[in-house]
Amino acid sequence: MEPTPEQSPHHAYPDHWEADVVLRDGGTARIRPITTDDAERLVSFYEQVSDESKYYRFFAPYPRLSARDVHRFTHHDYVDRVGLAVTIGGEFIATVRYDRIDGQGRPASAPADEAEVAFLVQDAHQGRGVASALLEHIAAVARERGIRRFAAEVLPANNKMIKVFRDAGFTQQRSFEDGSVHLTLDLEPTAESLAVQRAREQRAEARSVQRLLAPGSVAVIGVGRAPGGVGRSVLRNLLGSGFTGRAYAVNTSFDAGTGTVEGVPAHRSVSEIGEQVDLAVVAVPADRVPAVVADCGESGVQGLVVLSAGYAERGAEGRERQRELVRQARSYGMRIIGPNAFGIINTAPEVRLNASLAPESPKAGRIGLFTQSGAIGIAVLAGLHRRSAGLSAFISAGNRADVSGNDFLQYWYEDPGTDVALLYLESLGNPRKFTRLARRTAAVKPVVVVKGARHSGTNPPGHAVPVSRIPDATVSALMRQAGVIRVDTVTEMVDVGVLLAGQPLPGGPRVAILGNSESLGLLTYDACLAEGLRPRPPRDLTTVASPQDFRNALAEALADRTCDAVIVTAIPWVGEDGEAETGDGEVLAAALREAAATGPAKPVAVVHVEMGGLAQALAAATSTAAPPAHRPSGPGPQAPSAAPGAPGGSAARILAPASDGRTGAPGDPAPSTTRAPGHPAASPGRAPAAEGAPSPGRAPVSEAAPSPGRPAPDAGRIPAYPAAERAGRALAEAV
């Protein structure tokens with residue numbers, strides 16, 4: 001789009017003004033300068049605008065644009081006269097224009113620092129936040145060109161446009177002159193205008209993620225006619241998860257009248273389905289992806305999960321293919337997870353989506369997991385599955401050409417179904433934005449990060465997002481300032497995550513230690529000291545301690561105002577015949593469960609040695625009542641204790657430790673978790689909604705609390721660790 005000779009030779013087409021934006025409903029659009037090539041697009045756009053909107057724009061009936069109008073609105077010098085358009089699928093859906101004016105409102109040139117501004121939004125796209133996004137961009141353009149104020153004339157009946165100006169957060173003056181509202185906006189950013197922009201960004205990006213995670217219908221593209229293959233596997237996983245929406249199988253090689261595959265309707269293209277498809281999972285060779293994207297875009301698909309490889313991870317040619325993929329998808333208003341992705345999972349009971357290559361969906365839980373690496377994602381999913389720890393959502397972004405960890409931080413910030421956000425990152429595309437988003441999210445729920453490629457100095461192949469090369473020490477400092485918990489290994493990420501997802505945050509570093517092994521207690525004491533905690537001398541219950549002794553000791557520790565957390569250590573006790581009585585773990589599980597159910601809300605962790613019976617017994621326990629409300633720490637009147645497993649009682653769970661605590665290597669036991677009280681109640685739905693109305697995947701506010709007989713997943717689970725060092729580190733990170 002080169003400028004014509006009529007345009008200033010000193011100001012060529014400003015391609016840096018081009019930008020992709022996420023709109024209020026989660027869809028995407030492109031903002032770019034208007035050029036002389038846009039005459040036909042402008043005329044077509046204007047024909048689709050209602051007479052009322054035209055009247056609001058020109059203050060008179062204006063059924064069509066004259067040739068002179070078209071010339072004026074498509075010829076700009078990009079300094080004193082600037083026009084921007086919002087496009088979807090290459091077509092205009094909105095325009096904005098400013099013209100520099102002098103103090104008397106007449107056309108002017110620099111150094112005049114005021115401009116008249118006017119908007120026009122196609123009626124079908126009003127209410128999507130298009131005008132607000134345009135105002136932000138045209139204001140930034142104007143400041144770049146030395147303009148400090150906007151003047152606008154708006155008819156009093158044009159409430160939508162008045163609201164856009166009023167809500168922008170700029171300092172403004174308003175007057176009523178000659179039957180119209182005269183507005184003057186100071187374009188200097190204010191704390192309020194920045195807050196407005198960030199709030200709009202947060203809502204839009206969170207909504208775009210919600211549309212990906214809670215689709216009403218999914219098409220899997222690339223489903224083979226015979227069993228096997230990536231597409232067929234994804235379709236089977238989708239159906240196996242109990243997906244609550246509609247599913248379709250798509251492959252251009254299907255014969256006409258194929259009917260069904262795996263029990264779902266089979267079609268040769270998305271356009272043949274004839275019904276709305278919200279999400280498409282693409283599993284075809286890279287050279288066939290452009291045709292698939294075009295088919296999806298023309299059919300109104302909202303988002304894509306691209307599993308296909310052969311993009312930026314394959315060198316320069318692949319990088320260009322990846323850039324074109326993003327450009328093509330965004331031109332249709334679609335967002336992309338991938339390419340080279342492993343897939344996405346949403347365990348919300350209203351959705352039950354497994355659009356991934358993971359053969360089994362994790363249990364529903366309170367942990368959100370984002371990874372840039374499919375291999376790490378596979379390992380973490382497998383480890384969590386073995387220990388029955390639950391997830392709210394899982395995302396493996398692959399090359400993260402579009403959707404990234406920042407987008408999911410926006411989503412998790414307001415997601416009531418996620419209590420802890422875990423992220424495995426190999427690079428930071430925008431450290432400043434990541435720090436800002438992480439700080440805000442970490443203020444309301446813990447954010448735990450593992451940063452890979454710390455010392456290699458290289459970025460993972462395929463990650464096309466521009467990466468700021470900053471020292472690892474600086475990364476750590478940024479995360480610390482943002483309140484992010486940075487850990488060194490995936491094992492530590494899971495250790496910390498299961499504790500934070502199931503336990504209240506500690507009020508301080510004081511730790512009570514109790515158990516039936518003096519040696520294990522001392523090891524735990526040393527581990528706590530090494531992590532900067534303030535452990536009290538271990539309380540040795542001796543090897544003859546009974547489960548009731550554990551129960552009483554834990555209850556006393558929880559009620560003690562001088563401790564903020566409790567670590568219980570346990571080893572098998574020896575019976576009269578000299579054999580270890582590991583079967584009594586069921587009794588000990590009940591005792592710990594009862595103490596945790598009646599004590600103040602403080603974090604509790606278990607360090608066990610060869611106590612598989614304990615973990616298995618607590619893993620088998622279930623609750624028949626909703627979790628109790630959060631209780632303040634410290635002594636005070638307590639609810640009467642209930643018998644373990646009895647109606648109205650609170651059941652605890654410790655999940656059996658796995659033999660894999662890192663990424664699948666044997667010999668490194670993984671942590672396990674238990675259920676205890678004191679954790680905030682969970683909402684059954686997890687999708688952010690527009691203000692005042694529930695959205696798909698999220699229950700209405702009145703239904704947010706767990707119903708009787710249905711406890712919130714993960715809430716109050718007590719983590720158990722096979723090593724004192726891991727328990728101490730996890731608790732220290734929680735502090």
Side-chain angles (χ1 to χ4, degrees), residues 495-496 498-499 502-503 506 509-531 533-560 562-574 580-596 599 602-619 652-657 661 669-674 676 717-735:
D495 282 353
V496 175
V498 295
L499 186 145
Q503 294 293 297
R510 302 169 301 179
V511 182
I513 302 170
L514 61 93
N516 63 348
S517 168
E518 181 180 12
S519 298
L520 186 55
L522 290 174
L523 285 173
T524 304
Y525 180 87
D526 291 341
C528 290
L529 281 178
E531 295 296 340
L533 298 171
R534 292 166 53 191
R536 296 174 56 184
R539 179 178 177 181
D540 182 16
L541 304 180
T542 76
T543 56
V544 299
S546 68
Q548 186 62 28
D549 293 331
F550 273 89
R551 187 256 182 242
N552 294 339
L554 178 56
E556 291 174 15
L558 289 171
D560 188 346
T562 66
C563 86
D564 304 302
V566 182
I567 296 180
V568 177
T569 63
I571 64 171
W573 49 87
V574 179
E581 297 182 3
T582 55
D584 282 346
E586 296 182 6
V587 182
L588 179 56
L592 294 177
R593 187 163 62 237
E594 184 179 357
K602 297 179 182 179
V604 178
V606 174
V607 176
H608 63 92
V609 175
E610 297 300 331
M611 287 292 288
L614 170 65
Q616 292 165 7
L618 289 168
R653 294 191 66 194
I654 293 183
L655 305 181
S672 38
T673 57
T674 76
R717 294 186 177 189
I718 302 173
Y721 303 90
E725 294 77 11
R726 288 169 61 178
R729 179 68 189 275
L731 187 56
E733 296 294 0
V735 171

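In what follows, every heavy atom counts, from backbone to side chain, and hydrogens, waters and symmetry copies are set aside.
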Over all atoms of both residues, closest heavy-atom pair of [X] and [Y]:
X: L541; Y: D549; answer: CD1-O, 4.1 Å
X: D564; Y: K602; answer: O-CB, 3.7 Å
X: V511; Y: C528; answer: CG1-SG, 4.4 Å
X: V604; Y: P719; answer: O-CD, 3.6 Å
X: A596; Y: L554; answer: N-CD2, 4.4 Å
X: G521; Y: P538; answer: O-CG, 3.4 Å

side-chain contact (heavy atoms from CB on, under 4.5 Å), that's the test. Do V609 and S517 meet it? Break it down for me.
CA-CA 10 Å; V609 175; S517 168; over 6 Å; no
Quick test of your reading of the model: are E733 and R729 salt-bridged, counting only N-O distances below 4.0 Å?
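Salt bridge between E733 and R729, a charged N being under 4.0 Å from a carboxylate O: yes.
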Output, in order, the C-alpha distance, side-chain angles, deciding distance and verdict of side-chain contact (heavy atoms from CB on, under 4.5 Å) for E531 and V735.
CA-CA 10 Å; E531 295 296 340; V735 171; over 6 Å; no
Nearest 0.5 Å, what's the [atom1]-[atom2] distance between [X] and [Y]?
X: C563; Y: L558; atom1: SG; atom2: CG; value: 6.5 Å
X: Y525; Y: L533; atom1: OH; atom2: CG; value: 11.5 Å
X: L523; Y: E725; atom1: CG; atom2: CD; value: 6.5 Å
X: D540; Y: N516; atom1: CG; atom2: CG; value: 8.0 Å
X: E518; Y: R539; atom1: CD; atom2: CZ; value: 14.5 Å

Would V607 and I513 satisfy side-chain contact (heavy atoms from CB on, under 4.5 Å), going step by step from the backbone distance to the final call?
CA-CA 10 Å; V607 176; I513 302 170; over 6 Å; no
State, without any angle test, whether N552 and Q548 hold a side-chain donor-acceptor pair at a distance under 3.5 Å.
yes
Evaluate side-chain contact (heavy atoms from CB on, under 4.5 Å) for V498 paired with Y721, printing each intermediate quantity in order.
CA-CA 11 Å; V498 295; Y721 303 90; 4.1 Å; yes
